[in-house]
Amino acid sequence: MRWSKAPSTQYPVPSSHRKAGYWLLATGYWVLLAGVTLLSAAPSAAPSADEKHISVYAPVASYTLPVLDRAGREYVGLLELLEPLGRVSSESNGRWLKLRYNAIDAEFVAGKTRARIRGHDFDFATPFLIENSRGMVPLSSLSALLPRFLGTPVNFRESARRLFIGDVGIQTSFRLDAGNSPRLQLNFSAAVNPTISTEPGQLRMVFKRDPVVSPGSQSISFDNKVITHASYSENNGDAELDVAASEPLMASFSNDRKTIIVSAVQQTPAPPSAVATGSQNPAQVRPAANIASSNNNDVHRILVAVDPAHGGDERGAALTDTLAEKNVTLGFARLLRHELENRGFAVALLRDADTSLTLDQRAAAANVARAGIYISLHAVSQGSGARVYTALLPVEGASNGVFHAWNAAQAPALPVSRIVSAAIVAEMQKREFPVRASSASLRPLNNVLMPAVAVELAPGDDGVADLISANYQQRAASAIADAVVSVRDRLGVQP
Ligand SMILES: [Zn+2]
């Protein structure tokens, strides 16, 4: 758990200057978003629940293959890699592998770093492997290995696991039409088919099969109050473009899917050309349609900010020799998101990857998103069941005339926070889940403007294994979600 205590220094903010305070929080929020996208682009040594992939983009095909970890190195199947690109035949006895790609012969030996390709030696930095007659090559060798077969250079962006063969990169350019209802036009040099999703403050486009390349800089700022900036990142075979805004956004396609128009939800969704394209292929236009409708609902939905504690370099408690708290809290947060969404809430995970966030960034993200409720998640290896915390505010920090201490931002919401805590306790007891309520001087609960609780998950009858048991987490998550439903009338959106 390792709570960080509230610092003793107080920063009183006169209520007439609250806007300035919000501005600072907003700055923290955008930093946070940039941090999430940029940090997730960095290769991570930490175990991840998500499968690793490599994406290959070639003039003849774009495809994604699983990446396997062997002895701390990343490998991909050699035949799977070559088959979409040409004619491949192979023969193996489990110890060696003979392969023909088009007219090129090659021979590899299991556990060896030297191979023969087209009559020449080829040296790997990491041994070639054969598993079940399947040859596997280290990703670190691909930039040197593939040109031997293909006869053309390749561009392998290894940290993002994206491999470009030939001149296939899709260029992106931006054009912002300012005005009362600003529109951001993203023009691509070829048709694209991203997965599009929205969350408070941003619209996210993930390109799995499209060889979209960086638009030059990782982050582009717009001189606009509504659509503020866009950022590019790439990770695990995907490229991602995020557009940040102060209002809910939607996206629509036009120009045969070479243009995506991003606009605030209130305005006309799409030019007629986009609708016409979509009607020819309803499956492809579905993302844009979904966003429009879900955002219209979101306007009246309560937003739950779910905060998986710790992350990145900050691992939290060591629950076992190999299990870090930061991974348990993330898995638990994703389950809770699912339970809450099933009950009609909008949910923002403050991190959805193994990224570092400061406590101030977490509070700022919840405050700026104007969440109706904030739920922080922790895990411990001691004790049993769960403990639910509400903030214990510093005495001198309580509301004090026109001054309002940052460390007591929670004060006005605290009575409702206690109601939420009691509701979670009641729902857990219904499920015979041992549970206790406490208050503690802990951050960032103190700094959050809306009703806020922290839930610390402890093992059940099966010990620490419960902490990663989907069944155990599920019981806790559905109890929390039912509790939020029971108090939903008390959770106003912040003014
Ligand atoms: Zn913790």
Side-chain angles (χ1 to χ4, degrees), residues 1-15 17-40 199-202 219 228-229 231 244 246 303-316 325-326 329-330 333 348-378 389-394 396-399 403-414 417 440-456 494:
M1 156 82 84
R2 270 200 253 150
W3 291 110
S4 302
K5 298 290 187 210
S8 55
T9 321
Q10 302 282 316
Y11 300 98
V13 180
S15 59
H17 294 167
R18 286 287 287 284
K19 274 211 161 57
Y22 277 109
W23 184 85
L24 286 171
L25 297 181
T27 306
Y29 185 51
W30 301 128
V31 167
L32 160 72
L33 290 179
V36 167
T37 50
L38 297 180
L39 284 169
S40 63
E199 53 193 78
Q202 78 169 333
S219 182
T228 55
H229 79 255
S231 57
S246 58
L303 174 68
V304 182
V306 175
D307 185 5
H310 314 292
D313 292 339
E314 205 243 297
R315 297 170 58 81
E325 181 184 0
K326 65 172 185 175
T329 58
L330 180 55
L349 288 198
L350 298 195
R351 67 175 176 97
D352 197 2
D354 184 24
T355 46
S356 315
L357 295 175
T358 67
L359 296 170
D360 281 339
Q361 285 174 324
R362 294 171 197 262
N367 290 343
V368 170
R370 301 192 175 185
I373 178 172
Y374 168 89
I375 302 174
S376 171
L377 301 176
H378 287 263
Y389 291 90
T390 48
L392 180 67
L393 298 176
E396 75 275 26
S399 194
F403 290 93
H404 190 87
W406 167 236
N407 279 325
Q410 169 68 188
L414 191 55
S417 299
S441 173
L442 49 88
R443 296 187 64 219
L445 290 188
N446 309 41
N447 314 117
V448 172
L449 294 165
M450 67 280 319
V453 295
V455 179
E456 180 187 70
Q494 294 298 305

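For this chain, numbers begin at 1 and follow the sequence in order.
When side chains are defined from C-beta on, L359 does not count as touching N447, because their heavy atoms never get closer than 4.5 Å. In this structure the side chain of Y374 never reaches within 4.5 angstrom of the side chain of N367, judged on heavy atoms. The shortest distance between side-chain heavy atoms of H310 and H378 falls below 4.5 Å.
The minimum heavy-atom distance between L445 and T390, with the atom names listed, is CD1-C, 3.9 Å. Listed here is the closest heavy atom pair of A305 and L350: CB-CD2, 4.4 Å. Between G372 and P451, the closest heavy-atom pair is O-CD, 3.5 Å.
If you take CZ on R362 and CG on L357, they are separated by 4.5 Å, rounding to the nearest 0.5 Å. Rounding to the nearest 0.5 angstrom, the gap separating the NZ atom in K326 from the OG1 atom in T355 is 9.5 Å. D307 contributes atom CG, which lies 8.5 Å from atom OG1 of T329 (distance to the nearest 0.5 angstrom).
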Could you go step by step and tell me if V304 and I375 meet the side-chain contact (heavy atoms from CB on, under 4.5 Å) rule? CA-CA 7 Å; V304 182; I375 302 174; 4.0 Å; yes
Show, in sequence, the C-alpha distance, side-chain angles and deciding distance for R370 and L303, and conclude whether the side-chain contact (heavy atoms from CB on, under 4.5 Å) test is met. CA-CA 8 Å; R370 301 192 175 185; L303 174 68; over 6 Å; no
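Scored by the side chain to side chain donor-acceptor pair (under 3.5 Å) test, S417 finds Q410 as partners (sequence neighbours excluded).
Between the side chain of R351 and the backbone N or O of S356 there is no donor-acceptor pair closer than 3.5 Å.
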